[in-house]
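Values below: every heavy atom of this structure, side chains too, minus hydrogens, waters and symmetry copies. Everything quoted here is computed from the prediction, not taken from an experiment.
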Amino acid sequence: MNIKQRYHLRDYKFSLVALVTAISIIGIFVVGSAQASVQGKQALGVILGTIAMVVISLIDYKWVMNWYWPLYGLNIVLLLAVHFFGEEVNGATRWLNLGFVQFQPSDLTKIIMILFYAKFYMDREQAINNKKTIIQAVALLLPSLILIYKQPNLSNTICLAILFCIILFLAGLSYKFIGTVLAIVIPTAALFLSIVVQPNQPFLKDYQQKRILAWLEPEKYATDEAYQQINSVMAIGSGQLTGKGYNSNTTTSVKNGNFISEPQTDFIFAIIGEELGFVGCCVVIILLLLIVIECILIGVKAKDTGGRLICGGVATLIGVQTFINISVATQIFPNTGISLPFVSYGMTSVVCFYMGIGFVLNVGLQPNKYQ
């Protein structure tokens, strides 16, 4: 199989590129407002991501999927490297220091898992509902989940688990099996939540438990664990319809008053809400929603199951991370750190999302001719 295929310019989804470019430009500006010193790095991340996207979009995704086992091995090696040689920041070991840049392998894990399971399920399309196939799929996911959880990185662990479940569903998992799983998972989740809020519970670290308690009783934890989320909600509300203005430098601003730590990453949506208001929030959400929809539409026209699952996986990843990030910023979910796609500061995150879009674009360049 050739790395390259014959492509037609008319099949290149410039609308998707335009949407990604637009949200990334907004990201550069709001990151610069949140912390001016990292704006240049964010811009560099977008440039590198764009280059990666263009290159990947011209490489046959089926050729890449043939390397799914080496990619799986690379992912495990990188996560093990974090475990043994990772750089500790704020009590978490999630980064590899490469000298010129810090690299977070868990972001790349999500892209590799999309490619891996797209090929894994495509090869087992007729046996997707066999217990053996499902057990193998879960067993192959567990090493990544465990290694990411131990960093500790609960947010990415949850995101990866949700991504796996939705790709499995898109691959053709029967509704009967899904119903059975939900009948077990929902009561188990309720039981788990009731246990983890108890003293001396064995499942979560103390700070993770306190975040859940702060979510359930924010008034009780208003000066510590719930402090950031309460201030985030107040900042978003204070922006009202059109916001206080870009790069607001008032002392009462959420970024200047030390009301939120690291506003350029996990709570970037609070900056958007405060400075750009309800209108700005809607623009960001709509752009991300349109990117998800565009990925889905490309996947619907894919020529094979692998292409469909790649598009569905990237759409899921962007959608789930967006939902979690905004839910945390608006106190719908407990506080857990995860980036807002294409917007939050983080070169690894930005480049990896662009890589995902690159694979979607290549799927779009090879449409099903019979549709």
Between side-chain atoms of residues 333-343 and protein atoms elsewhere (two or more places apart, or another chain), which donor-acceptor pairs fall under 3.5 Å?
| unit_1 | atom_1 | unit_2 | atom_2 | d |
| --- | --- | --- | --- | --- |
| S339 | OG | Q321 | NE2 | 3.1 |
| S339 | OG | S349 | OG | 3.1 |

First locate atom [atom1] of [X], then atom [atom2] of [Y], and finally report the distance between them rounded to the nearest 0.5 Å.
X	Y	atom1	atom2	answer
L145	L141	CG	CG	4.0 Å
I148	I158	CD1	CD1	12.0 Å
L80	I76	CG	CD1	6.5 Å

I need the minimum non-hydrogen distance between [X] and [Y], along with the two atoms involved.
X	Y	result
K13	L361	O-CD2, 3.6 Å
G45	V351	O-CG2, 3.6 Å
S155	N153	OG-OD1, 3.1 Å

Distance-only check: which donor-acceptor pairs under 3.5 Å involve side-chain atoms of residues 162-179, not counting sequence neighbours?
| unit_1 | atom_1 | unit_2 | atom_2 | d |
| --- | --- | --- | --- | --- |
| S174 | OG | N129 | OD1 | 3.4 |
| S174 | OG | F177 | N | 3.2 |

Is it true that, when you exclude W69 itself, more than 12 heavy atoms of the residues, nucleotides or ligands shown sit nearer than 6.0 Å to its CH2?
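Above 12, so yes.
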
Not counting sequence neighbours, which residues clear ring-ring contact (aromatic ring centres under 6.0 Å, His included) with Y149? List them please.
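Partners of Y149 under the ring-ring contact (aromatic ring centres under 6.0 Å, His included) test: none.
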
The criterion is ring-ring contact (aromatic ring centres under 6.0 Å, His included); which residues satisfy it with Y121, sequence neighbours excluded?
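With neighbours one apart ignored, the set is Y117.
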
Whether the side chain of [X] engages the backbone of [Y] through a donor-acceptor N/O pair (distance < 3.5 Å, no angle test) should be reported.
X	Y	value
S33	V30	no
S232	Q228	no
S344	T265	yes

Side chains of residues 280-300: which donor-acceptor pairs under 3.5 Å do they make with residues two or more places apart or in other chains?
| unit_1 | atom_1 | unit_2 | atom_2 | d |
| --- | --- | --- | --- | --- |
| E294 | OE2 | S15 | OG | 2.9 |

Could you tell me whether the side chain of [Y] reaches within less than 4.5 Å of the side chain of [X], counting heavy atoms only?
X	Y	value
Y12	L365	yes
I271	V31	no
V328	Q229	yes
L58	Y7	yes
L309	M122	no
F103	L108	yes
I357	I318	yes
F359	I111	yes

Just checking, any donor-acceptor pair under 3.5 angstrom between side chains of Y61 and N66?
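Side chains of Y61 and N66: no pair found under 3.5 Å.
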
Could you check whether Q151 and N156, counting side-chain N and O atoms only, form a donor-acceptor pair closer than 3.5 Å?
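There is no such pair between these side chains.
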
D123: partners by salt bridge (charged side-chain N to carboxylate O under 4.0 Å, His left out), with sequence neighbours left out
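Result, salt bridge (charged side-chain N to carboxylate O under 4.0 Å, His left out) vs D123: K119.
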
For a side chain to side chain donor-acceptor pair (under 3.5 Å) check, start with the C-alpha distance between S327 and N325, then their side-chain angles and the critical distance, and finish with the verdict.
CA-CA 5 Å; S327 294; N325 178 277; over 6 Å; no

[X]: partners by side-chain contact (heavy atoms from CB on, under 4.5 Å), with sequence neighbours left out:
X	answer
T180	I184
A127	N130, T133
L9	F14

Does anything in residues 72-86 form a side-chain hydrogen bond (donor to acceptor under 3.5 Å, both in side chains)? List the pairs, not counting sequence neighbours.
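For residues 72-86: N75-T109, N75-S144.
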
If a pair satisfies salt bridge (charged side-chain N to carboxylate O under 4.0 Å, His left out) and one of its residues is in residues 85-112, list it, with sequence neighbours excluded.
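Every pair satisfying salt bridge (charged side-chain N to carboxylate O under 4.0 Å, His left out) with a residue in residues 85-112: D107-K110.
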
One thing to verify: whether E275 and K244 come together as a salt bridge, which I'm taking to mean a side-chain N less than 4.0 angstrom from a carboxylate O.
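Salt bridge: no.
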
With a cut-off of 3.5 Å and sequence neighbours excluded, list every side-chain donor-acceptor pair involving residues 19-29.
| unit_1 | atom_1 | unit_2 | atom_2 | d |
| --- | --- | --- | --- | --- |
| T21 | OG1 | V17 | O | 2.7 |
| S24 | OG | V20 | O | 2.8 |
| S24 | OG | Y354 | OH | 2.7 |

